[in-house]
Amino acid sequence: MRKTSGPSPRTPRLRAALVAVAVAAVTGATLAGSPASASSSGAAPATDTAQFKGVNWADPRDNFADDLLQLSGLSTTDTYRQTYAKATRIIAAFRANLGANTVRLPINPYTVDGAYWKSYRGVIGAASDQGFKVIVSYWEGTGARKDGYIDDTATYWPMWDTVVKAYKNDKHVYFEPMNEPHGYTDTEWADIAAKWLSTYAKVPRNRVFVSGAGYNDHVTSVCADPRLKGTYLSLHHYGFWKDYATYDQWVADLKVRIGDCANRTVADEFGAPMTTGLNYDVKTPDDNFVNYVQAVTDTFRELKMGSVYWPGLRTDDTYSIQTLTGTTARPWLATTNQSGADRLAWAWGRGKPVKG
């Protein structure tokens with residue numbers, strides 16, 4: 001559930017927000033689950049989730065596309081060599097400016113199954129070669145296809161065949177079968193995730209991210225499914241889901257979505273405005289987004305959870321914590337909000353707490 005930059009395309013976001021709020025309001029007890037059921041049915045950690053300190057790198061169109069994905073700062077006409085060179089600089093900037101070690105990238109069949117795949121692999125290769133952890137996640141299309149379902153199973157599975165074959169032996173690459181599978185019920189989505197795991201049984205489970213159900217807005221149901229044991233779980237959480245909440249209310253909202261499963265969970269999308277001048281380093285109880293950012297970053301640190309900010313880089317997105325500088329051929333990045341970067345550092349185990 002990513003944040004759009006302008007008012008006109010926000011209808012799907014509002015729908016996402018309403019769903020998320022409804023889930024929390026109506027089924028909060030269900031989301032939390034019983035500690036016994038969650039723990040006994042697969043809450044054992046795949047490994048330490050705090051190791052994931054990252055950002056999303058996105059297409060300006062929010063990664064929903066019925067054609068080639070073009071990450072901000074790149075071009076679909078670039079060769080592998082050009083893509084690799086540009087990506088090397090952008091990945092290095094994520095590390096230099098934010099201290100990140102993880103990047104989450106979108107894939108779709110159009111990108112993987114055509115000639116551009118060779119060039120797009122330059123992004124994954126550049127990140128892996130710098131020791132970054134790379135989470136590759138399937139995004140559905142846009143328009144009528146943007147419905148929370150796999151667009152076409154006839155192209156979905158061959159896409160994953162290609163990606164898994166290319167990266168199954170690269171320990172830096174992690175696989176997320178689908179981003180925000182909100183078209184499916186909790187049970188239906190768990191069935192698909194289990195099918196993915198059985199189809200690619202040779203992929204170590206601790207290199208798979210199973211999205212939380214709905215808009216990735218709760219992980220308790222996938223955590224409780226024994227078929228998914230040993231995988232990471234990915235959670236999405238956003239401040240625009242509520243018009244206003246206090247710091248404590250945001251902490252409670254986040255924790256109910258995690259339940260007893262923090263030791264497997266990575267928040268691989270969360271975000272707030274970064275280009276509007278908000279100061280996230282100072283307590284401002286009357287500001288919803290300040291409360292939200294401080295609450296979630298404190299909670300990620302407290303629970304020793306990994307987190308991947310949305311977005312690290314997305315052109316014309318007010319949530320983007322980095323912006324492109326330099327030239328087209330030699331891009332670099334600048335931080336859009338240092339206080340936001342401070343809160344990421346805090347979530348990732350560095351830095352200083354919020355000022356009183």
Side-chain angles (χ1 to χ4, degrees), residues 54-98 100-142 151 155-177 179 200 202-203 207-209 268 308 311-316 320 322-333:
V55 294
N56 284 266
W57 184 1
D59 185 305
R61 298 168 296 175
D62 207 14
N63 295 344
F64 296 97
D66 293 324
D67 56 9
L68 301 178
L69 290 161
Q70 182 171 308
L71 301 183
S72 299
L74 303 183
S75 172
T76 55
T77 62
D78 287 340
T79 64
Y80 174 90
R81 184 175 180 179
Q82 291 170 319
T83 300
Y84 185 94
K86 291 179 181 180
T88 294
R89 292 180 62 81
I90 289 173
I91 293 295
F94 286 146
R95 173 176 279 145
N97 294 350
L98 301 172
N101 69 3
T102 301
V103 65
R104 182 170 177 252
L105 303 172
I107 58 170
N108 64 19
Y110 307 97
T111 303
V112 172
D113 295 342
Y116 181 58
W117 175 234
K118 180 179 179 180
S119 295
Y120 195 79
R121 289 189 64 180
V123 183
I124 302 171
S128 178
D129 287 350
Q130 292 186 67
F132 259 57
K133 305 173 196 306
V134 184
I135 304 167
V136 290
S137 180
Y138 162 67
W139 252 260
E140 61 183 321
T142 191
D151 289 340
T155 57
Y156 172 85
W157 293 107
M159 173 195 71
W160 277 118
D161 290 346
T162 299
V163 175
V164 169
K165 182 179 179 180
Y167 295 107
K168 65 183 178 182
N169 295 322
D170 186 338
K171 66 181 181 180
H172 294 115
V173 178
Y174 298 78
F175 308 96
E176 188 174 46
N179 172 74
Y200 304 108
K202 292 186 178 180
V203 174
R207 284 179 49 208
V208 179
F209 279 67
D268 71 7
V308 183
L313 179 63
R314 180 186 171 212
T315 304
D316 296 328
S320 188
Q322 299 285 280
T323 188
L324 285 162
T325 62
T327 65
T328 300
R330 290 178 58 79
W332 193 252
L333 303 177

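Sequential numbering from 1 along the given sequence is applied to the chain's residues. Treat the numbers as computed from the prediction; the structure is a model and nothing was measured.
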Item to complete: Consider only side-chain N and O atoms of Arg121 and Tyr167, and report whether a donor and an acceptor are under 3.5 Å apart.
Response: yes

Interatomic distance, OG1@Thr323 vs CZ@Arg314, rounded to 0.5 Å, equals 13.0 Å

Any donor-acceptor pair under 3.5 Å linking the side chain of Asn56 with the backbone of Asp268? yes

In short, Ala87 meets Gly122 closest at the heavy-atom pair CB-O, 4.2 Å

**Report entry** Any side-chain donor near an acceptor of the partner, Asn63 and Arg104, under 3.5 Å
**Finding:** no

CH2 of Trp160 to OH of Tyr138, rounded to nearest 0.5 Å, is 10.5 Å

Of all heavy-atom pairs linking Arg207 and Asp170, the shortest is NH2-O, 2.8 Å

To the nearest 0.5 Å, atom CG of Asp78 lies from atom OH of Tyr84 at 15.0 Å

Discussion item. For Thr328 and Lys86: C-alpha separation, side-chain torsions, deciding distance, then whether side chain to side chain contact (heavy atoms under 4.5 Å, CB included) applies.
Written reply: CA-CA 8 Å; Thr328 300; Lys86 291 179 181 180; 4.0 Å; yes

Between Thr325 (side chain only) and Trp332 (backbone N and O only), is there a donor and an acceptor less than 3.5 Å apart?
yes

Separation between CH2 (Trp157) and OG1 (Thr162), nearest 0.5 Å, reads 13.5 Å

query: Got Tyr200 and Lys168 here, is their nearest side-chain heavy-atom distance under 4.5 Å?
result: no

**Asked** Between the side chain of Thr142 and the main-chain N/O of Ala65, is any donor-acceptor distance below 3.5 Å?
**Response** no

Looking only at heavy atoms, the pair that brings Pro60 and Thr315 closest together is CG-CB, 4.0 Å

What one should report as the nearest heavy-atom pair of Arg61 and Leu69 is NH2-CA, 4.1 Å

Begin from the C-alpha positions of Leu74 and Tyr120 and carry the test side chain to side chain contact (heavy atoms under 4.5 Å, CB included) through to its verdict.
CA-CA 9 Å; Leu74 303 183; Tyr120 195 79; 5.9 Å; no

d(Asn108 CG, Asp66 CG) to nearest 0.5 Å is 8.5 Å

Nearest heavy-atom approach of Arg89 to Pro331 is NE-O, 2.9 Å

Sub-4.5 Å side-chain heavy-atom contact between Leu71 and Pro106:
yes

- Considering only heavy atoms from C-beta outward, does the side chain of Val55 approach that of Leu313 to under 4.5 Å? no

| field | Residue pair Leu333 / Leu324, side-chain heavy-atom distance below 4.5 Å | value | yes

Between Pro177 and Phe209, the two heavy atoms sitting closest are CD-O, 3.1 Å

Are Asp151 and Tyr156 close enough that some pair of their side-chain heavy atoms sits under 4.5 Å apart?
no

Report task. Determine whether Val123 and Trp57 make a side-chain contact, defined as any pair of heavy atoms from C-beta on separated by less than 4.5 Å. Result -> yes

Value for CD1 (Ile124) from NE2 (His172), rounded to nearest 0.5 Å, stands at 13.5 Å

